[in-house]
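Everything on this sheet refers to the single structure shown next.
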Amino acid sequence: MPKKEIEIRIRNLNIYSINKKQKYSHILKDVSLDIPKNRLTSIIGPSGCGKTTLLKSINRLHDIQENIRVEGQIFIGDEDIYNTRRQVNELRRKVGLIAQRPYPLPANIYDNVAFGPRLHGKRKKSELDDIVESCLKRTYLWEEIKDRLKEPAVALSIGQQQRLCIARALAVEPEVILCDEITSALDPISSEKIESLLLALRQDYTIVMVSHVLRQARRLSDYVVFLYFGEVVEAGSAKEFFEFPRDQRTKNYISGIMPGL
Amino acid sequence: MNKYIKESIFRVLMIISVFIVIAFLVIIIGVNIVKGGIVLINEPAVIFTAPGPKYLLGGEGGILHAILGSILMVIPSTCIACAASYLIALFLQVDYIKNRFSNKLRVVFDVLWGIPSIIYGIFILNILIVTNRRGSLGAGIITLALLQMPVIVRYMDEALNSVPDGIRESAYSLGATRLETAFTTAKYALPGIIAGILIGMGRAMGDAASVIFTSGAGNSMPKGVSKSVSSLPVLIFQQANSFYPSVREHAYAASFVLIIIIIILNTISRICSKHFQKYTAGSDR
């Protein structure tokens with residue numbers, strides 16, 4: 001891959017978790033990856049192989065957990081996010097995370113979207129109104145909820161809540177969006193809406209998605225990374241990955257024969 | 001024994017214990033309300049008039065000084081305790097200190113919670129003696145703040161702990177600092193926090209032992225921060241000790257007022273919790 005197309009470079013990333021008896025367990029083993037800009041990259045693999053850990057390390061969310069140690073480098077653009085003078089929250093602003101289940105903040109719909117811009121110093125009502133409207137339009141929510149912006153966000157259906165979470169993440173103008181199995185709690189119709197939303201968003205954002213569903217990864221992704229027990233087994237463009245897998249473990253995983261699982 | 005027989009035996013036991021406890025509560029509250037109500041109907045002026053100089057000796061007057069004293073002591077002390085507890089509770093969260101230390105601090109607060117209130121009173125009394133001061137409104141406020149702080153801290157801490165990690169993570173991933181995240185999670189935990197504050201306030205409102213030495217417990221209207229005040233529980237104690245039946249009757253009126261204040265506090269807390277729950281209901285996972 002040419003260098004200018006790469007958004008995130010992960011080099012020799014090792015993540016350990018420390019349990020109560022001070023024993024280490026190695027979650028990610030020497031992961032090195034290139035994630036392309038303005039493309040949708042899927043991370044697939046069996047449960048417990050470190051997909052979510054990898055995703056959260058891009059956002060430095062492990063900082064708030066005391067029992068996780070991160071070693072290695074992650075570059076976003078040219079900046080090593082684990083070795084920089086900038087404040088962590090400035091870094092996190094550039095990387096939005098959307099969780100498996102929607103967690104609307106305890107406020108009304110408008111304030112949920114406006115929360116991020118307000119944190120970063122946008123206070124003018126007209127400016128906030130514009131941001132809220134455009135973000136809700138981008139997530140196809142505006143038509144559905146434009147009359148109920150002052151209602152509590154938890155009153156929305158779960159699929160709408162998930163799109164609201166995406167709108168909330170878009171409102172701070174990130175460069176990278178991390179999606180952690182964002183359709184797994186949703187019904188098929190909501191999932192479909194979210195999927196088409198992701199496809200539209202990848203024009204402008206670098207999206208990294210964790211998925212359990214192979215078919216979904218196949219439908220949506222440009223690039224695929226296969227993680228297996230903390231190691232990157234194979235990474236490449238989606239077409240190559242699904243049609244001509246090189247590694248035997250990848251072949252088995254795709255075809256559904258995974259010995260020992 | 002057949003498991004269905006066991007089931008019905010336990011059911012009967014449960015119903016009996018609920019009945020016993022509720023019966024006692026109803027009797028206690030009922031007696032106070034009925035007897036206090038009778039006194040108040042006969043002489044409604046009791047709650048509006050200041051006590052005369054010989055009030056506790058059967059003289060003229062009412063219990064206004066104690067009602068005002070209670071309010072003047074409890075509200076500022078609750079404000080102080082809330083501010084301190086809120087900061088402590090935020091500090092106890094994982095984001096600021098390590099779990100090991102916060103768990104040890106929690107034990108400390110549990111112990112403080114369990115300490116009888118007279119110990120707090122004696123502690124402040126000692127300080128008053130060393131600094132050569134008299135019992136006063138200010139000292140009472142400090143004592144009551146200390147008394148209710150452990151309760152409020154533990155309640156707030158539990159409420160903040162029950163906030164799903166996802167809320168915290170979403171605030172962080174939007175670029176919030178630790179403080180901004182803490183405010184967001186606090187908003188989610190608000191029903192629990194309010195419950196804690198009201199329970200602490202109730203503890204302070206109903207406590208006699210801690211203020212009996214520290215607030216002066218005099219028989220005059222509250223005049224200033226450094227002057228002596230009385231409070232309802234202390235007054236009830238004094239009235240109930242009296243030789244004069246008319247004064248002892250007034251103790252019921254004071255209990256009536258105290259119970260009404262506690263009921264009002266509880267109602268306010270319910271209403272507040274309900275109001276803020278609309279932002280969290282349904283997302284409680």
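So you know, we letter chains A, B, ... as the sequences are listed, proteins then strands, and number each from 1. Hydrogens, waters and symmetry mates are skipped; everything else that's a heavy atom, side chains included, is used.
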Gln87(A) atom CD, neighbour heavy-atom count above 12 within 6.0 Å: no
Under 4.5 Å from a heavy atom of chain B, the part of Arg168(A) involved: both
Part of Val95(A) lying under 4.5 Å from any heavy atom of chain B: backbone
Most contacts with chain B, counted as non-hydrogen pairs under 4.5 angstrom, among Leu105(A), Asn89(A), Val88(A): Asn89(A)
Which portion of Ala99(A) sits near chain B, non-hydrogen atoms under 4.5 angstrom: neither
For Lys122(A) against Leu128(A), the heavy-atom pair lying closest together: O-CD2, 3.7 Å
Arg154(B) to Phe109(B), cation-pi by 6.0 Å centre distance and 45° axis angle: no
Engaged part of Leu61(A) at the chain B interface, taking heavy atoms whose separation is under 4.5 Å: side chain
Tyr120(B), OH atom: more than 12 neighbouring heavy atoms under 6.0 Å: yes
For the student: nearest non-hydrogen atoms of Val172(A) and Pro117(A), plus distance: CG1-N, 4.0 Å
Lys56(A) versus chain B, the contacting section by heavy-atom distance below 4.5 Å: side chain
